[in-house]
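Here the structure comes first, spelled out in structure tokens, and everything after it is commentary.
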Amino acid sequence: MADRVPSGPEGVPILGSSLHYADDPLGFMERVADEYGDVARIDVYSQEVYQVTDPEAIRRVLVTNAENYEKPSLGGDEGLGGLLGDGLLTATENTGDASER
């Protein structure tokens, strides 16, 4: 089976869609979901990021097949991770099904 790359907004060279996101983050994400569906590719500062809004797809990414997906480093406590604290963006391990807790 061939790999499929989701579609998404084009953005501009180097900055990608970062200016649209910075202007209205929630509105931008809602427009992307409305226009491109449950999984969309977004270019942010020449990095491809993916927006996933389908609950089952989110579960596959975060729980079922988490080992298949790589999160970028946020710099730990010394970098952006220190500002964001503990949460989905900074979690580095699959700690199991939340229903087990």
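Note that the structure is predicted; figures quoted are calculated from it, not measured.
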Got a list of side-chain donor-acceptor pairs under 3.5 Å for residues 18-29, not counting sequence neighbours?
residue: Ser18; atom: OG; partner: Leu15; partner atom: O; Å: 2.7
residue: Asp24; atom: OD1; partner: Gly27; partner atom: N; Å: 3.2

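- The shortest non-hydrogen separation linking Ser17 to Gly11 is OG-CA, 3.8 Å.
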Give every donor-acceptor pair under 3.5 Å between a side-chain atom in residues 37-50 and any protein atom, sequence neighbours left out.
residue: Arg41; atom: NE; partner: Pro6; partner atom: O; Å: 3.4
residue: Asp43; atom: OD1; partner: Ser46; partner atom: N; Å: 3.3
residue: Asp43; atom: OD1; partner: Gln47; partner atom: N; Å: 3.3
residue: Glu48; atom: OE1; partner: Tyr50; partner atom: OH; Å: 2.9

